[in-house]
Every structure is written in structure tokens, then in C-alpha cells.
There are 2 protein chains.
Amino acid sequence: MKKINIGLIGFGTIGAGVVKTLRSKRAYLRDKSGIDINIVRICDKDLKSKRSVSVDKRLLTGSIGKVIYDPGVDIVVELIGGIEPAKYIVMESLRHGKSVVTANKALLSDSGPEIFTLAGELGLSVGFEASVGGGIPIIRAMKEGFVANRFDLVYGIINGTSNFILSKMAEKKISFDEALAIAKSKGYAERDPYLDISGSDSAHKLSVLANLGFGVAAKGSGIFTEGIADIDRDDIEYASEMGYAIKLLAIAKRSGDEVELRVHPTLIAKTHLLANVNGIYNAIFVKGDLVGENLFYGQGAGALPTSSAIISDIVTIAKNTSVFCCGSQKALDKCVLSVQGASRIKKMEDICTRHYIKFIALDKPGVLAKISGILAKYHISIASVTQKERCAGGDVPIVMMTHDSSEKDMSMALNEIRALKVIGKKLVRIRVEN
Amino acid sequence: MKKINIGLIGFGTIGAGVVKTLRSKRAYLRDKSGIDINIVRICDKDLKSKRSVSVDKRLLTGSIGKVIYDPGVDIVVELIGGIEPAKYIVMESLRHGKSVVTANKALLSDSGPEIFTLAGELGLSVGFEASVGGGIPIIRAMKEGFVANRFDLVYGIINGTSNFILSKMAEKKISFDEALAIAKSKGYAERDPYLDISGSDSAHKLSVLANLGFGVAAKGSGIFTEGIADIDRDDIEYASEMGYAIKLLAIAKRSGDEVELRVHPTLIAKTHLLANVNGIYNAIFVKGDLVGENLFYGQGAGALPTSSAIISDIVTIAKNTSVFCCGSQKALDKCVLSVQGASRIKKMEDICTRHYIKFIALDKPGVLAKISGILAKYHISIASVTQKERCAGGDVPIVMMTHDSSEKDMSMALNEIRALKVIGKKLVRIRVEN
């Protein structure tokens with residue numbers, strides 16, 4: 001039996017879930033894994049609010065130092081989110097000989113390589129299963145299960161809030177604002193939903209996956225990101241008529257010596273498994289050279305799934321700490337930052353995809369000829385065109401599906417089209433993936 | 001850097017794939033995980049046939065003893081399949097201080113508890129990721145990723161051959177025999193496809209999953225198993241009209257203090273993710289009390305995906321062997337056999353499901369009244385009835401969907417119905433899952 005002392009920093013919804021779960025599962029875990037997990041410190045700046053779990057007051061502290069400098073703490077669990085003071089907590093904990101478990105994708109996206117390098121130098125571990133996909137064991141799968149694979153493609157739905165909104169829009173044929181209101185009322189969207197609907201949260205998580213899968217150290221802020229706030233219910237309907245669903249995808253794709261990284265609403269065929277992932281669920285596709293395509297699906301957020309991931313990290317680190325006496329932990333952690341042949345990030349303008357584009361033609365005669373002339377000038381060929389019924393004002397939506405074209409060509413063509421007097425200002429462009 | 005010497009027994013398609021992959025990935029794995037995997041012995045009774053990879057003749061041996069008694073071998077990889085001599089190889093390897101990696105579900109289904117107990121007593125590991133789901137890291141996910149979860153439900157498509165056949169029957173509207181012929185021509189079905197189409201292979205794998213998830217030691221041969229050979233293309237079509245697909249599912253479900261274990265063709269709603277898993281792919285649903293529903297999808301067979309799983313086990317065991325110096329391996333392996341509250345297997349006759357049933361009415365007037373009278377006698381209520389168009393001979397297929405009923409009631413009712421003179425002998429009964 002091995003006793004592991006946990007210092008927890010951040011006693012919000014997730015923190016309380018971890019405390020509650022560790023308490024109710026303590027005997028079970030002791031029996032199952034031989035690890036006795038003991039919470040010795042809980043730190044939060046707010047010690048007054050009521051939590052879903054009551055704890056011995058002697059465990060509580062408002063001082064970070066009481067956790068990270070306590071020699072009795074073996075593992076620090078960081079659950080406050082954001083970059084500072086989370087980074088300080090993680091780095092100082094490592095410097096004081098403690099392994100760290102974190103769910104903080106914003107921090108890992110910003111400073112992952114720095115953190116993993118320090119941990120590797122000190123022979124300590126950083127567990128981050130909870131940072132992507134909630135309870136889905138995707139980090140473990142990529143790090144260990146697929147250890148022998150070269151990754152070619154990692155992509156998926158990794159933000160439950162935006163997936164819930166897009167699913168509701170499709171299901172109930174409602175607008176973005178109406179779906180957002182439902183998400184808020186159910187507690188699936190925060191009061192300020194920016195991080196989720198802007199795609200930023202997905203970009204942070206993609207950064208973590210890209211580091212793990214492709215050895216690229218791309219900050220989330222440096223990844224091309226488009227959110228879902230501009231998606232119109234009409235676009236969802238038109239896409240559906242063509243056999244597609246619209247999902248917010250985070251995509252990392254090997255492309256020669258480079259890696260494509262991007263987050264944007266995407267048309268995917270309804271027959272694709274991802275098209276059938278609805279509500280708050282997440283799903284991640286991983287393509288490796290040995291395993292081919294694998295999909296991982298589950299709840300991407302919530303106190304219990306996240307607790308499940310955090311506890312799995314604690315147990316793994318607790319088991320591995322016994323490795324220390326043999327001094328081989330350094331090598332074991334190297335894999336996190338492994339560079340797998342590709343390290344440069346492909347410029348967005350060079351990326352090629354098919355596109356769904358929608359124009360509003362204000363005045364019909366000749367419009368199509370003008371649009372297709374401009375597209376032809378930029379070598380963009382049209383796969384299909386549909387002219388929709390007139391809108392209230394007499395304007396006519398024209399929906400096109402193109403063949404592959406570069407971002408650069410498409411952007412230039414759309415700029416020229418937008419300048420036409422016969423075209424309405426709002427022009428929709430959504431990328432398509434196979 | 002840690003060097004691990006591998007002795008491989010079974011140099012068929014999978015064995016050759018492992019050798020090829022370990023060779024091409026050796027430097028990559030050394031760099032990534034700090035483990036240098038070195039094949040020192042390859043054993044097969046047939047040393048003459050040409051393989052997809054050529055090896056130094058000095059590595060080859062026809063003698064099992066040359067591998068399992070060689071003090072230079074750290075890990076024995078058993079890839080011959082079947083129960084004997086595989087069991088002898090695994091047990092003797094353990095007794096001689098070697099950890100084992102195996103893809104052998106038949107063996108684990110028959111003797112898993114005995115093998116894991118011996119390994120636990122000796123402080124050795126048995127890796128079996130490749131035994132279920134090919135390259136899908138399902139064992140790792142259940143053992144480690146979901147370590148804190150109580151499992152409530154584990155079910156899925158875990159035989160690629162039968163899924164390929166059912167998918168082809170649905171897609172091309174062809175018979176079982178025609179689809180089987182295609183599977184054979186593509187190399188997806190063996191010359192003798194019994195193990196796959198009878199459901200036995202799925203039952204072996206379900207036994208492994210049930211041991212891991214529910215702590216029940218059920219042999220595959222003791223699990224209720226129905227294969228797919230009797231599935232008619234009409235049933236696939238009728239099910240489809242009602243919004244269902246037919247899949248061969250392996251199901252382990254917590255039911256009070258007991259566990260339901262069964263393998264049979266199953267109607268599942270087309271909106272269910274499993275309904276969209278086609279071809280040779282496998283997919284496994286796992287429901288845990290913390291993580292909720294998770295799905296794992298990927299190629300369930302093939303030399304490369306299987307090699308991926310085998311190598312992940314080798315790397316994990318190689319890392320963990322350093323734990324030995326601290327003497328805590330025993331506890332770590334306990335989880336394999338953990339009893340999670342449930343250990344009794346529910347009797348099949350007590351299991352309740354909805355049913356799809358098809359009768360051929362030879363003579364119409366009064367038939368429906370007779371059938372529904374018998375069903376009512378056994379408290380089976382009918383959710384829907386459809387009378388299909390007359391077959392060639394003038395017989396009329398009647399398709400029913402029932403509400404929940406016990407296996408026992410349904411069997412007795414169908415026996416009585418079968419005895420009716422106005423009903424054809426072939427009576428179809430397929431269970432339905434939500």
C-alpha cells in the first residue's frame with residue numbers, strides 16, 4: 001500500500017467534484033490499485049462559498065504557498081485555470097519536487113513545452129488527461145496506447161458548449177442566439193461564453209494535442225481560429241440538404257514536412273461518425289500509421305468526467321513515483337515533447353480545402369456569370385450551385401460548393417466578389433472536410 | 001536507455017507484422033520512450049514458409065523452450081493463438097520470470113484468472129491490449145484511464161468479420177452467403193469462418209472485458225452466444241424500415257448485483273453511433289459512473305493495428321519493470337482481477353429485452369389473433385405489427401416489435417407459436433437494445 005498526499009489548488013465546481021470523488025472512491029482505489037490517495041490541503045481564494053462537498057476546515061487554506069511548499073504534499077492538483085497564477089503554481093510545485101496534475105489547457109497551450117521541460121529535467125511528472133476531452137482517455141491513448149504510431153491526423157469536436165449550440169440549431173431549426181440561450185439555461189455555457197464560442201478553447205486543446213501528436217509547440221493564440229457565432233440557421237439547413245452537418249472542428253493534419261493546425265466551423269458528410277456526435281459530447285479522430293483511424297467519444301466536460309481523468313493521472317503518477325528510485329523517469333517523460341518528424345506549422349494561406357459559400361444576390365440577371373468569372377480567375381472550380389428561394393426582401397441566396405482551392409485564392413476571390421454591387425455584404429464561407 | 005529483449009512465439013501474419021514494425025520503429029521508440037526493444041528469439045513450428053519480413057536465421061528456432069527458458073529473454077510475446085500450447089507457454093514464461101504479452105483472447109477467456117493470479121504472485125505483468133479491439137486502446141482505457149469508475153455497461157461490435165458481413169448485406173441487399181463470399185475474397189474471413197460468424201470470438205473477447213470491467217470470471221464458452229448465419233436480408237430490410245440496424249453485439253451490463261453477459265445479433269436504432277460502424281471496424285461503448293458513456297472505435301484486426309497494441313504493451317511493461325526494485329508490482333496488477341461489487345452472472349432466461357420477431361403466416365385468416373393470444377398469455381405486449389407483402393408461395397411475413405419481456409417468457413411463447421399449423425417453421429427472433 002502506498003500513500004499519496006494530494007494538495008489541491010482551486011476549489012470550484014471541478015475541485016469540489018474531485019474532492020467528493022476521491023473521498024467516495026478512496027477505499028475502492030486502494031483496493032484496486034494499491035494507492036491510498038489522501039487529500040491533505042485544499043486551497044482557494046474564496047473559502048466562504050458553499051460547495052457540493054463539506055470538508056474538514058483544517059484542510060482549507062487561502063495561501064498557495066501552504067500547498068506548494070508543504071513537504072508533506074506529493075502531488076499538486078492545479079484546477080484554477082487561466083495562465084497566472086496557475087503557471088507559478090505549476091512551476092514552483094515542480095521546483096519543490098512535486099509532480100503536478102492539471103486540467104488547464106490555456107496554460108499548457110501557452111507554456112506546455114516550458115513546463116514539460118522543467119518536469120523532465122527534475123524527473124517529475126505532469127498529468128494533463130483532463131485538459132482535453134474531459135473524461136475521454138485521449139492523452140493516455142496518444143502517449144501510451146499509440147506509442148508506436150506516427151500520427152497523420154488528429155481532429156475532432158473538442159468543445160462541448162459549441163457542439164451543443166450547433167446541435168440545437170440543427171435539431172430545432174433555431175438561431176445561434178436562441179441556441180446559446182438554451183445552453184446558458186442548462187449551465188452548458190458560461191455567462192461570458194466567449195472562450196467557447198470563439199473557438200479559443202478548442203484552439204488551446206488543439207495546441208495540447210498537436211504538441212503530443214506532432215511535436216509542434218504552437219500556442220493556441222497562434223492557431224487559425226474561427227468561432228461559431230456567425231453560423232446562420234439557413235447554412236445548417238442548406239448544408240443538410242447537400243448531405244452535410246456543420247461542426248466546430250479542431251484539426252491537426254500532417255502535410256508533407258509541415259502540420260496544418262486550424263479551428264473552424266466545418267461541413268462534414270452526415271455519414272461521418274463526427275456528424276452524429278451531438279449535444280455536449282466530444283469526439284476525437286486519431287489516425288496513426290499503424291492503427292489507422294480511431295475515434296474516441298465521450299463527455300468533454302463536467303465535474304465527474306473531469307474528476308475521472310484527474311484521478312487516473314494521480315494513480316498513474318503515484319505508481320510511477322516508485323520508478324524514481326531507479327532514476328529512469330526522465331526518459332519516460334520525454335515522449336511528451338517528442339518531435340515526430342514534423343515541426344513547422346503550415347501557413348493558413350497555403351491550406352487547400354473545399355468550400356461552402358453563400359452569396360446574397362441583390363439583383364439577379366448576370367450575377368452568377370460575374371461570380372463564376374471571378375472564381376475562375378482564381379482557379380476555383382465549382383462543384384455545385386443551388387439558387388435558393390427568394391428571401392423576404394426579394395434577395396436571392398446562392399449556395400455553392402467548390403472543389404479544392406487554397407485559402408489565399410479563395411480569400412482574394414471572395415474579396416473581389418464582395419465588392420460587386422449586385423452582392424449583399426454578408427458572404428458566408430465554411431470549409432469542408434472529407 | 002533501457003534494453004528489453006523480446007522472445008516471440010508464433011511467426012504468422014501478426015508475428016511478422018510485429019517483427020517488421022519493431023524493426024522499422026526501433027530508433028523511433030528508443031528516442032520517444034527510452035526503451036530499446038530488441039528481438040532475440042523468434043519461434044515457430046514452420047520455419048520454411050516465406051514471410052513478409054526477412055530475419056537473421058540465427059534468431060529462428062522451432063523449440064518453445066529455447067525462448068521461455070532463455071535467461072536473456074525479458075518479455076515473451078505469445079502469438080500462436082488457441083489454448084494449448086499457448087497456455088503452457090504463458091505459464092512457463094511467467095514461472096521463469098518473464099512478463100508476457102499476448103493477443104490470445106481464447107486463452108484469456110479460458111484461463112485468464114489463473115494466468116493473472118500467477119503473474120500477480122510472481123510480480124510480473126501480462127499485457128493483453130491486442131486481445132480485444134485490435135489497435136483500439138480499450139484495455140488501457142478500462143484499466144487505467146477509467147481506474148476510478150464503476151462500470152455499468154460495456155458493449156459493442158468486437159468482431160470485424162461479422163460486422164463486415166452484416167454491413168455488406170445491408171449495403172448491397174445481398175444474402176449472408178453472398179456477403180460471406182465477399183469477406184473471404186477480401187481476406188476478412190478465414191477459410192473456416194466458424195469462430196467469427198458463430199459469435200464465439202466475440203464471446204471470448206467479452207469474457208476478457210467482463211473480467212476487467214466487472215470482475216467476473218466467465219469463460220467465453222459459458223456466455224450465451226448467437227451468431228449471424230441465420231440473419232436474413234429481409235430482416236435487415238424490415239429492421240431498417242423501422243429505423244434499426246442489425247449488428248452483432250457483445251454485451252456486459254450491470255443488473256443489480258448481477259452481470260448480464262451475452263453475444264447476439266441486435267437491433268439498434270440507426271441514430272446510435274454503433275449503427276454507423278461499418279465494415280471491419282470495431283467499436284466499444286463503455287459506461288462508467290463518473291465518465292458516463294464513452295465510445296472507442298477503430299480497426300479490430302490486422303497485422304499493423306495489432307502490432308501497435310502489442311508494442312504499447314511491451315513499452316509499458318518495459319517501463320514498469322523498473323518498478324520491481326521497489327517491490328510494488330503485485331499491487332499494481334491487482335486491478336486486473338478486481339471484483340467491483342458484481343460477480344454473479346445473470347441467468348439468460350431472466351434477462352429482459354424488447355424483441356423483433358418475424359413469423360411466416362401460411363394461411364391468413366385468424367393467424368394474428370392466435371399469435372397475439374399466445375403472446376398475451378406470456379405477458380408480452382406488442383409495440384408494433386407490420387404485415388409484409390406476400391412471398392412467392394403466397395405466405396405472408398408478419399413482423400412484430402414487442403415491449404420488454406423476459407427471455408423465458410419469450411422462448412415459451414415462441415415455442416407455442418411455432419407449434420401452430422398456420423405458421424411456417426422458420427421463426428425469427430432478434431433482441432433489441434436501446
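FYI, side chains are in, hydrogens and waters are out, and symmetry mates aren't considered; it's all heavy atoms of this structure. Below, chains carry the letters A, B, ... as their sequence lines are ordered, and counting in each starts from 1.
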Given A:A283, A:G288, A:P305, A:A309, the one with more heavy-atom pairs under 4.5 angstrom with chain B than any other is A:P305

Pick whichever of A:H272, A:E144, A:Q299 has the most heavy-atom pairs under 4.5 Å with chain B. A:E144

Below 4.5 Å from any heavy atom of chain A, which atoms of B:T306 appear? Answer side chain, backbone, both or neither. neither

Identify which part of B:L29 has an atom lying under 4.5 Å from any heavy atom of chain A, answering side chain, backbone, both or neither. side chain

Find the distance between OG1 (B:T271) and CG (A:N276) and round it off to the nearest 0.5 Å. 8.5 Å

Within a 6.0 Å radius of atom NZ on B:K172, are there more than 12 heavy atoms belonging to other residues, nucleotides or ligands? no

Just wondering, more than 12 heavy atoms not from B:K270 lying within 6.0 Å of its NZ? yes

Enter the distance from B:D289:CG to A:T21:OG1 here, rounded to the nearest 0.5 Å. 8.5 Å

Part of B:E129 lying under 4.5 Å from any heavy atom of chain A: neither

Measure from the side-chain N and O atoms of A:Y28 to the backbone N and O of B:N149, and report whether any donor-acceptor pair falls under 3.5 Å. yes

I need the residue from A:I139, A:L290, A:L304 with the largest number of non-hydrogen atom pairs under 4.5 Å to chain B. A:L290

The interface call for B:N282 against chain A, heavy-atom contacts under 4.5 Å, is neither

Closest heavy-atom pair and its distance - A:S308, B:V291: OG-CG1, 3.1 Å

Looking only at heavy atoms, the pair that brings A:K25 and B:R150 closest together is NZ-N, 3.4 Å

Could you grab the distance from atom CZ of A:F146 to atom CD1 of B:I311, nearest 0.5 Å is fine? 13.0 Å

Shortest non-hydrogen contact between A:P137 and B:A141, atoms and distance: CG-CB, 3.8 Å

